[in-house]
Amino acid sequence: MTLLSADTPLGSRLPPVARRFSVEMFAAGGAKTIHNDAEAARREGLPGPVAVGPQVAALIFRMMRTAFAEGWIVGGKASLTFRRPVGANEGAAAHGVVTERRPEGDKVRLTCEVWVETEAGVKAIVGTASGLVPRAQAEPAPD
Amino acid sequence: MTGEAGRTRVARDEAGARTRFEEIEVGKDLGEIEWVVAPDDIDRQCAMDDDAHEWFLGDSPFGGRIAPPQIQYRPPRWLLSRTYNVRGVFYKWEFENVRPIRPGVRLRVRGRIAGKWVKNDREFVAYEAEARDESGEVVFRTTRVHALDVISRAAPRQGSGIDSGVKPERI
């Protein structure tokens, strides 16, 4: 069941999704990577192991799936910038605000400003994501 | 990102020499990969993302089990790795979920290098990919950007990295 509808006011906040990462989550079958090994990270110029970017972004995707349900699975779009890495043992949370509503075919596309913020208050990922919701019942679809 | 004097960029890793910016050919066809999502792949993706939603475990409104859409991250990355050894860091990710990704369905994922540029003394490569099912219908589209290195391009390439830009082709 979608949490959003065509009537959702702009400015509405999506329920945040939070997670604490740990280096064990990035074990990679025993291979040493920038996500689980301090020396591997240091050689690449990182201060320490960092969380896998797509796994951090997955906080946004879970938030969007919860908010849009089917309208995220089919019709979901995202445009994300990874501004800062999240530490492999750091906590982070995805946030979103509905910023735009636009008819699209027989549905309505709601666009959200989305971001992932670390527990230190750093915006690690920023961007937009959107999904589809049914049109309001009183609103006819265009011919 | 950092770029202190005296630092170096990794020149090679276990997969061989790291790709240099000058070697990347804009417009290059990255080829095609055939990809069938297995139920175990979905299990692993759900565990990685801590998202065991019922649609990913059993039935869904789309008729049967589906995969989390972000499972699409890896095949385009494998395509990049088959041509270029880029470790770097992930910088941008755009995508469109056109149709559900279902287990057991044969997808063909094709990619190409979409661009490259230098910004803030870092080198970037963009690549795009599209997946189609056996009917030829688009399942997802994506464009990614990777920074070739965390360290400034002014730093020389020398020494070995432990991690590699060439990744195992599994979820």
Grouping I, L, V, M, F, W and Y whenever their side-chain heavy atoms are under 4.5 Å apart, do [X] and [Y] come out in a common cluster?
X: Val116(A); Y: Val126(A); result: no
X: Val105(B); Y: Ile33(B); result: yes
X: Ile60(A); Y: Trp115(A); result: no
X: Leu10(A); Y: Met63(A); result: yes
X: Phe68(A); Y: Val97(A); result: no

Could you tell me the separation between the [atom1] atom of [X] and the [atom2] atom of [Y], rounded to the nearest 0.5 Å?
X: Thr66(A); Y: Asp51(B); atom1: OG1; atom2: CG; answer: 7.0 Å
X: Arg65(A); Y: Trp55(B); atom1: CZ; atom2: CH2; answer: 7.5 Å
X: Gln70(B); Y: Met64(A); atom1: CD; atom2: CE; answer: 12.0 Å
X: Asp37(A); Y: Ile162(B); atom1: CG; atom2: CD1; answer: 5.0 Å

Just checking [X]: does its [atom1] atom have more than 12 heavy atoms from other residues, nucleotides or ligands closer to it than 6.0 angstrom?
X: Arg106(B); atom1: CZ; answer: no
X: Arg170(B); atom1: CZ; answer: no
X: Lys116(B); atom1: NZ; answer: yes

Practice problem: Flag the one option from Glu96(B), Gln45(B), Arg74(B), Arg9(B) with the top tally of heavy-atom pairs under 4.5 Å to chain A. | Solution: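 Highest number of pairs under 4.5 Å: Glu96(B).
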
Practice problem: Among Ile101(B), Val98(B), Val145(B), Asp50(B), single out the residue with the greatest number of heavy-atom pairs under 4.5 Å to chain A. | Solution: Asp50(B)

Quiz item: Between Asp49(B) and Arg19(A), is there a side-chain N and carboxylate O pair less than 4.0 Å apart?
Solution: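 Salt bridge between Asp49(B) and Arg19(A), a charged N being under 4.0 Å from a carboxylate O: no.
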
Quiz item: Taking NZ, NE, NH1 and NH2 as the nitrogens, is one of them in Glu14(B) or Lys32(A) under 4.0 Å from a carboxylate oxygen of the other?
Solution: no

Quiz item: With ring centroids as reference points, do Phe95(B) and Phe61(A) lie under 6.0 angstrom apart?
Solution: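 Close enough - the centres of the two rings lie under 6.0 Å apart.
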
Quiz item: Are the aromatic rings of Phe82(A) and Phe90(B) close, with centres under 6.0 Å apart?
Solution: yes

Is there side-chain contact between [X] and [Y], with heavy atoms separated by less than 4.5 Å?
X: Val74(A); Y: Pro100(B); value: yes
X: Met48(B); Y: Phe26(A); value: no
X: Trp93(B); Y: Ile125(A); value: no

Quiz prompt | Best-contacting candidate, Glu44(A), Met25(A), Gln55(A), Lys77(A), against chain B by heavy atom pairs under 4.5 angstrom | solution = Glu44(A)

Exercise. Considering only heavy atoms and a distance below 4.5 Å, find which of Ala58(A), Pro47(A), Gly76(A) pairs most often with chain B.
Key: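 Heavy-atom pairs under 4.5 Å are most numerous for Gly76(A).
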
Self-check item: Ala57(A), part contacting chain B, at a heavy-atom distance under 4.5 Å
Solution: side chain

Which atoms of [X] approach chain A - backbone, side chain, both or neither, heavy atom under 4.5 Å:
X: Arg18(B); answer: side chain
X: Arg99(B); answer: backbone
X: Phe140(B); answer: neither

Between [X] (side chain) and [Y] (backbone), is there a donor-acceptor pair under 3.5 Å?
X: Glu94(B); Y: Leu80(A); value: no
X: Asp163(B); Y: Ile34(A); value: yes
X: Asn97(B); Y: Trp72(A); value: yes
X: Arg43(A); Y: Val10(B); value: no

Practice problem: Quick one: closest heavy-atom pair of Gly45(A) and Val150(B), and the distance? | Solution: O-CG1, 3.7 Å

